[in-house]
Structure formats: structure tokens, C-alpha cells
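So that the names make sense, note that chain A is the first sequence line, chain B the second, and so on, each numbered from 1. Values reported hereafter were calculated over all heavy atoms of this structure, with side chains retained and with hydrogens, waters and symmetry mates removed.
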Number of protein chains: 2
Amino acid sequence: MTTLNRPGAPDGHACGIDTAMEVIGGKWKVLILWALHEHPYRRFGELRRLLPGVTEKVLASHLREMEADGIVHRVSYDEVPPRVEYSLTEDGKRLNDALQPLAAWGRERPTARRLAERAG
Amino acid sequence: MTTLNRPGAPDGHACGIDTAMEVIGGKWKVLILWALHEHPYRRFGELRRLLPGVTEKVLASHLREMEADGIVHRVSYDEVPPRVEYSLTEDGKRLNDALQPLAAWGRERPTARRLAERAG
DNA sequence: CTGCATGCTCACCCCAGGGTAACCACCCAC
DNA sequence: GTGGGTGGTTACCCTGGGGTGAGCATGCAG
């Protein structure tokens with residue numbers, strides 16, 4: 001069971017966060033989202049270069065899932081060499097917007113304790 | 001490397017989302033956050049009952065990490081039987097607030113494609 | 001003495017998600 | 001014919017996060 005198995009949340013709330021968490025649950029998904037937000041209409045290789053450390057396999061599978069989730073749009077041009085362009089859908093843009101407060105929280109937070117712990 | 005290994009994000013943005021994602025990265029953390037938001041000052045056992053499916057081990061370790069991250073506050077009363085109360089810190093409350101747009105996105109989203117796919 | 005209730009810890013196992021690397025089909029430049 | 005660049009796929013391996021179940025310290029009710 002990879003989903004959060006809650007037909008009704010703790011006390012009846014639909015909550016919705018778990019839905020969102022599933023969609024952005026991959027290791028690189030928020031970064032892909034962010035990259036596509038900053039650089040609309042990128043090709044596979046460009047995205048790969050924008051995300052140092054990601055492997056082709058993982059990038060491909062993440063993009064595929066995000067496409068299935070309707071947050072990225074994929075356009076394949078029938079050329080040689082092949083060209084594919086990825087962009088955010090409207091829903092993806094809204095997701096990105098919804099992530100901004102979280103990003104702000106992350107940036108503002110008062111010197112997280114566990115970061116020190118990890119560094120040490 | 002469990003962190004997202006980005007001294008500077010894709011193109012120089014600090015981004016901050018990855019920080020937040022680390023903090024809420026556990027399977028049950030957002031639900032704990034939510035539960036503590038709806039029911040402030042809950043005991044371990046109560047929390048457990050609020051999150052059907054979570055095991056003691058995982059709940060304990062998640063609470064521990066969240067405490068280390070400064071988003072939950074733990075108060076242990078020297079009684080018998082032991083009593084421990086968990087609550088959100090100010091930072092935790094802010095995190096919860098920051099999650100609301102995400103929750104809204106999750107609730108509003110137009111019939112996610114992969115949900116159907118999973119059901120089928 | 002037994003059981004129950006609390007809030008954990010410990011030892012163990014399992015599997016999915018992610019990493020590694022090779023390969024494919026296509027065409028062009030050399 | 002060899003190499004490069006495109007956007008992938010396939011096979012395999014490996015780690016760690018989470019699940020399972022037991023145990024522990026304590027005191028009270030029965």
C-alpha cells in the first residue's frame with residue numbers, strides 16, 4: 001500500500017494533502033516542477049542538465065508519472081534527432097503556486113535543528 | 001545521500017521546497033501535523049488512534065524527528081501511568097498553514113488521472 | 001499473581017523506489 | 001565504419017523507510 005489508505009481522513013476531513021503528496025512524492029518531482037516553472041518548454045536533455053544528479057531512467061519515469069497526473073505536458077516533434085518538449089499544464093502551474101508557501105516556509109525557517117545534526 | 005544535494009538549486013534558486021520536503025517527507029508526517037492541528041495537545045495513544053494504520057514504532061520515530069525539526073513540542077509528565085502530550089510549535093503551525101494551498105490543490109484538482117488508473 | 005494501560009525501544013524482515021549501466025533506432029559528420 | 005547526439009528502454013542491484021511483533025518499567029484493580 002503506497003497510498004495513504006484513508007477513505008476518510010483522521011476525523012472525516014478529506015484533507016487533500018495526501019493527494020498532493022502522492023503527486024509530488026518522487027524524489028525529484030518538485031525540482032522538475034520548479035525547473036519547468038523557471039524554464040518553460042525544456043527538452044529532456046536540458047532538464048537533465050538542469051537537475052544535476054538525476055538519472056535518465058528516473059527523469060523519464062518521473063516525467064511520465066507527472067504527465068499521467070496531468071501536471072506536465074509532453075510534445076514530441078517528429079524530427080531527427082528526436083525532439084521532445086516538456087512544459088507545465090495549467091494544473092501543474094497551480095500546483096507550483098500551491099507550493100510557494102511551502103518554499104517560503106523552508107526558506108524562512110529559523111535554522112533547522114536537524115540540518116546541524118546532519119552536518120555534524 | 002538522502003537529501004536533495006543541492007548547494008544551489010538548478011539555476012541558483014535556494015528554492016526551499018526541498019527543505020520543507022525533508023521535514024514532511026515521512027509517510028505519516030503531514031497527517032500527524034494535520035491531526036495535531038485539529039486536536040491540539042494529544043497523547044501518544046490518542047494520536048495513534050487518530051491515525052488508523054500507523055504503528056507505534058513509526059509514530060514514535062516520526063514524532064521524534066518532528067520534534068528534532070522543531071515543529072512539534074513534547075511534554076512528558078512524571079506520572080504513572082506515563083503521560084506525554086504533543087502539540088505543534090509556532091513553526092509547526094506555520095508549516096501547517098503553508099500546507100493549506102497544497103491541500104486545496106489536492107481537493108480541487110480535476111479528477112486525477114492516475115487515481116482512475118490505480119483503481120482499474 | 002494476573003492483567004491492563006501507558007509510551008515507548010529493539011530486532012528483524014520486506015519491498016518499492018531509486019541508482020547503474022548497457023542497449024536501441026535514427027541520422028549526420030568525419 | 002565510427003563516433004556523436006537525440007530520447008528513451010531494459011535488466012539488474014541495493015538501500016532505507018516502513019511494517020511486524022515482542023519486550024520493558026511502572027503501579028493499580030481485581
Side-chain angles (χ1 to χ4, degrees), chain A residues 1-6 18 21-32 35-36 39 41-69 72-87 114 117-118, chain B residues 1-6 18 21-32 35-36 39 41-69 72-87 114 117-118:
Chain A
M1 192 177 311
T2 173
T3 84
L4 288 176
N5 82 328
R6 293 166 323 92
D18 47 356
M21 289 303 286
E22 275 182 43
V23 172
I24 60 175
K27 184 170 175 184
W28 300 89
K29 290 196 181 169
V30 293
L31 298 179
I32 294 173
L36 279 179
H39 314 269
Y41 296 95
R42 288 287 144 171
R43 314 178 50 169
F44 187 87
E46 292 175 321
L47 275 175
R48 195 155 77 85
R49 266 168 256 128
L50 283 174
L51 305 172
V54 73
T55 65
E56 286 137 352
K57 173 199 156 189
V58 170
L59 181 55
S61 68
H62 278 190
L63 284 170
R64 229 152 267 279
E65 290 180 11
M66 294 168 83
E67 194 193 354
D69 279 328
V72 302
H73 185 49
R74 189 190 122 113
V75 181
S76 169
Y77 297 90
D78 227 4
E79 302 173 1
V80 155
R83 185 160 64 100
V84 180
E85 274 185 358
Y86 294 94
S87 54
R114 271 168 72 205
E117 174 186 309
R118 276 188 204 107
Chain B
M1 192 178 308
T2 173
T3 84
L4 289 176
N5 83 328
R6 295 166 322 93
D18 47 354
M21 289 302 287
E22 277 182 40
V23 171
I24 59 175
K27 182 170 175 184
W28 299 89
K29 289 197 182 169
V30 292
L31 297 180
I32 294 173
L36 279 178
H39 314 270
Y41 295 96
R42 287 286 144 171
R43 314 179 51 171
F44 187 86
E46 291 175 321
L47 233 33
R48 194 154 78 86
R49 265 168 257 130
L50 283 174
L51 305 172
V54 73
T55 65
E56 285 136 351
K57 174 200 156 190
V58 170
L59 180 55
S61 69
H62 278 190
L63 284 170
R64 228 151 266 280
E65 290 180 11
M66 294 169 84
E67 194 193 354
D69 280 328
V72 303
H73 187 217
R74 188 188 123 114
V75 181
S76 169
Y77 298 90
D78 228 4
E79 302 174 0
V80 154
R83 184 160 65 100
V84 180
E85 274 185 359
Y86 294 92
S87 53
R114 270 168 73 206
E117 175 184 310
R118 275 187 203 108

Short side-chain N/O contact from [X] to OP1 or OP2 of [N], under 4.0 Å:
X        : N       : value
Arg74(A) : dG8(D)  : yes
His62(B) : dG17(D) : no
Arg64(A) : dT9(D)  : yes
Arg43(B) : dC8(C)  : no
Arg49(A) : dT6(D)  : yes

Shortest side-chain distance from [X], nucleotide among [options]:
X        : options                  : result
Arg83(B) : dG7(C), dG18(C), dT20(D) : dG7(C)
Val58(A) : dG18(C), dA5(C), dG19(D) : dG18(C)
Lys57(B) : dG21(D), dT9(D), dG19(C) : dG21(D)
Pro82(B) : dT9(D), dT6(C), dC8(C)   : dT6(C)
Phe44(B) : dG7(C), dA5(C), dG19(D)  : dG7(C)

Seminar exercise, completed: Rounded to the nearest 0.5 angstrom, the CG-CE distance for Leu31(B) and Met21(A) is 9.0 Å
For this session: Drop me the distance from Leu51(A)'s CG to Arg42(A)'s CZ, to the nearest 0.5 angstrom.
Result: 11.5 Å
For this session: Could you give me the CA-CA distance, side-chain angles and deciding distance for His39(B) and Leu50(B), then say whether side-chain contact (heavy atoms from CB on, under 4.5 Å) is met?
Result: CA-CA 9 Å; His39(B) 314 270; Leu50(B) 283 174; 3.7 Å; yes
For [X] and [N], give me the distance from atom [atom1] to atom [atom2], rounded to whole Å.
X        : N       : atom1 : atom2 : value
Asp78(B) : dC8(C)  : CG    : P     : 13 Å
Glu85(B) : dC8(C)  : CD    : C1'   : 17 Å
Trp28(A) : dG17(C) : CH2   : C1'   : 14 Å
Glu79(B) : dT26(D) : CD    : P     : 16 Å
Lys27(A) : dT15(D) : NZ    : P     : 13 Å
Arg48(B) : dT20(D) : CZ    : C1'   : 13 Å
Leu63(A) : dT9(D)  : CG    : C1'   : 15 Å
Glu65(A) : dG18(C) : CD    : C1'   : 11 Å

For this session: Report the C-alpha distance between Ile32(B) and Val54(B) in whole Å, list the side-chain angles of each, state the deciding distance to 0.1 Å, and finish with yes or no for side-chain contact (heavy atoms from CB on, under 4.5 Å).
Result: CA-CA 10 Å; Ile32(B) 294 173; Val54(B) 73; over 6 Å; no
Does the side chain of [X] reach to within under 4.5 Å of the side chain of [Y], using non-hydrogen atoms?
X        : Y        : result
Leu59(B) : Trp28(B) : no
Glu85(B) : Ser87(B) : no
Glu56(B) : Phe44(B) : yes
Leu47(A) : Leu36(A) : yes

Exercise. So what does Tyr77(A) hit on the nucleic acid, given a heavy-atom distance under 4.0 Å: a base, only sugar-phosphate, or nothing?
Worked result: nothing
Exercise. Using the C1' atoms of the five pairs at each end, what is the angle between the end axes of the helix from dC1(C)-dG30(D) to dC30(C)-dG1(D), to 10°?
Worked result: 30°
For this session: Between Val80(B) and Glu56(B), name the one whose nearest nucleotide on DNA chain D is closer to the 5' end.
Result: Glu56(B)
Exercise. Taking for each residue the nucleotide of DNA chain C with the nearest heavy atom, is it Pro81(A) or Val54(A) whose nucleotide lies nearer the 5' end?
Worked result: Val54(A)
